Number of protein chains: 2
Amino acid sequence: MTEATLKRASVVVPLAPVRACGAVACRDCGVYRLCAALGLEGDELSLLERVVKRKLIFKRGELLFRAREPADYVYAIRSGSAKTCVRTEGGRVQITGLHLPGELLGLAGFDSREYTCEARALETTSVCQVSMHQLEEVAERLPSIHREMLRIMSGQIRHYEQLLLLLGKHNAERRLAAFLLGLSQRFALHHYSPTQFNLSMSRGDIGNYLGIAEETVCRVFTRFQEEGWLTTRRRYVELHDLERLTAIAHDPGRRAAAATALTSVA
Amino acid sequence: MTEATLKRASVVVPLAPVRACGAVACRDCGVYRLCAALGLEGDELSLLERVVKRKLIFKRGELLFRAREPADYVYAIRSGSAKTCVRTEGGRVQITGLHLPGELLGLAGFDSREYTCEARALETTSVCQVSMHQLEEVAERLPSIHREMLRIMSGQIRHYEQLLLLLGKHNAERRLAAFLLGLSQRFALHHYSPTQFNLSMSRGDIGNYLGIAEETVCRVFTRFQEEGWLTTRRRYVELHDLERLTAIAHDPGRRAAAATALTSVA
DNA sequence: AGGAAAAGTTGACGCGCGTCAACCAGCGCG
DNA sequence: CGCGCTGGTTGACGCGCGTCAACTTTTCCT
């Protein structure tokens, strides 16, 4: 299905199609150091197997877990992608994260023993399911496991701080530019193309994530495309001018339209 | 100086003035379980003293730490209050937290060994400074310390998720109402009055925190006051109608103005 | 295959809130 | 005691973006 999207895209945009994110090797997984820590003891396999319960497959739209549900497992994404979101009593939803292969979900529920948010697969997604209980047991003997968990959680906190900055202080263009660049960098980290990739999120999801309306997302995409900074075909995106986009994302006072020719402040 | 503010306020608003937040007892400190965990070993005092380096006083506006600085210490607030904020390269600032007595600052820098944000005292503030390095050493032998750190960090994550919801999905009235109610609840937890307290933040800070303009904060305060739901005198606030404010903060579709008399939905 | 539902796009319109500006009120300082 | 400064308040104005709506394209389901 992702295949199909890519084929279609490559008809219109005649550039080498990129493979969607395949499964990460354990070595490239963000949880690797956690798993490695588990493996450090002599009885490597038995420990690992007690903790990494099993590998599961979720289809597009399926729930990995719900908020306030007992947080019995954490999930490491092997391939595919997932979104996390929180809800108000009023039923409003705020997407708080887009998670790519090698990333860990559900750890924030650690203390309350309940998930703090819900997680949903954005496409067919393969995950490692890790028992929180067993993880804790093993951690008794291996402090490095706790350190890894702390490391991962503080990464999550940094992510939220960046998102807060985006939601509180930026206009629609900056939000979308920053979103795309952030994705680009993450793809690069994972050894994928930083300029050609599939957003696994719909326009509506992106808008929700960035705190703007779905229609505004469309309009900004169109504007960027008219300027020649990127091309998109539904969820497939190609970034043509990373520098320009970076300028949009960062510069506080610059007006994008005027910068094209009139004011040669460059 | 907080004293003075209160005295002034009580002239205009003839209600029993409330004491500003005094120092919390160790027993009421959010870090108590951390300190307690340290104390569980036989050589209680020596351990505690190696780790809790010293108590410090910061004056209004003074920095506890800066982002990207080596994260050598975490700070537990004993009295007063502090704000944390992150910055863009462009120089924009987003306040990410308001911290009251009993709360812990600087833990998110754990993995990168650098603070992820900066922290600044909002008033004269007394803190316990805890050496990260020593904490780690002690944690080698006491897994419960790591568990406490995880607990505190996941609390931070939940806070950010709520803030994201606020910034992404709510209008100015809802943001301010939710902000005030959140504070109210936190004061109640700390055994202070949930209806009469000092915001240690300026209007500008509140606006920044909530992602709205300073002037909008003023206007919404004025509107709420006209409706009789609260009174404010500079940074001193009294909440008169928690229910009404809760309705504003939660209900997605309700219009505040109309609800006063016309629609008796109550 | 075929029809319905979902996702995406574009236009029109108006309101919420940001911005600019003037002004006021405490508070610290000399 | 008065002066200046910082923080707070209020008004006017306009633009960015949310909302509603019509329409197209793609995907999903039977």
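Only a predicted model underlies this, so the values are computations on that prediction, with no experimental measurement involved. Scope of the values below: all heavy atoms of this structure, side chains included, with no hydrogens, waters or symmetry mates.
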Nearest whole angstrom, please: distance from the [atom2] of [N] to the [atom1] of [X].
{"X": "A:Arg92", "N": "D:dG18", "atom1": "CZ", "atom2": "C1'", "result": "12 Å"}
{"X": "A:Ile212", "N": "C:dT9", "atom1": "CD1", "atom2": "P", "result": "13 Å"}
{"X": "B:Arg234", "N": "C:dC24", "atom1": "CZ", "atom2": "C1'", "result": "10 Å"}
{"X": "B:Ile206", "N": "D:dG7", "atom1": "CD1", "atom2": "P", "result": "13 Å"}
{"X": "B:Tyr236", "N": "C:dA25", "atom1": "OH", "atom2": "C1'", "result": "19 Å"}
{"X": "A:Asn198", "N": "C:dG8", "atom1": "CG", "atom2": "P", "result": "12 Å"}
{"X": "A:Asn208", "N": "D:dG18", "atom1": "CG", "atom2": "P", "result": "12 Å"}
{"X": "B:Arg175", "N": "C:dG18", "atom1": "CZ", "atom2": "P", "result": "8 Å"}

In terms of side-chain geometry, is the basic nitrogen of [X] or [Y] positioned less than 4.0 Å from the acidic oxygen of its partner?
{"X": "A:Glu62", "Y": "A:Arg120", "answer": "no"}
{"X": "B:Glu118", "Y": "B:Arg87", "answer": "yes"}
{"X": "B:Glu103", "Y": "B:Arg186", "answer": "yes"}

| task | Take the angle between the ring planes of B:Tyr75 and B:Phe65 and call it parallel below 30°, perpendicular above 60°, tilted in between. | result | parallel
| request: Could you pick out which residue, A:His170 or B:Glu214, lies toward the 5' side of DNA chain D when each is mapped onto its nearest nucleotide? | output: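 Result of the comparison: B:Glu214.
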| Contact nearer the 5' end of DNA chain D, comparing B:Met201 with A:Ala213 |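 That would be B:Met201.
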| Which is true for A:Gly207 with a 4.0 Å heavy-atom rule: it touches a base, it touches only sugar-phosphate, or it touches nothing? | nothing
| So what does A:Gly61 touch, heavy atoms closer than 4.0 Å: a base, only the sugar-phosphate, or nothing? | nothing
Any [X] side-chain nitrogen or oxygen under 4.0 Å from OP1 or OP2 of [N]:
{"X": "A:Arg203", "N": "C:dA6", "answer": "no"}
{"X": "A:Arg60", "N": "D:dT27", "answer": "no"}
{"X": "A:Arg233", "N": "C:dG8", "answer": "no"}

| field | Set of residues satisfying side chain to side chain contact (heavy atoms under 4.5 Å, CB included) with respect to B:Ala67, sequence neighbours excluded | value |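 For B:Ala67, no residue satisfies side chain to side chain contact (heavy atoms under 4.5 Å, CB included) once neighbours in sequence are set aside.
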| query | Looking at D:dG7, D:dC17, C:dC17, which one has an atom nearest to any side-chain atom of B:Arg235? | reply | D:dG7
| What do you reckon, is CD of A:Glu89 surrounded by more than 12 foreign heavy atoms closer than 6.0 Å? | yes
| field | DNA chain C contacts among residues 215-222 of chain B, heavy-atom distance under 4.0 Å | value | B:Glu215, B:Thr216, B:Arg219
| query | Is the NZ or CZ atom of B:Arg68 both under 6.0 Å from the centre of the six-membered ring of B:Tyr115 and within 45° of that ring's axis? | reply | no
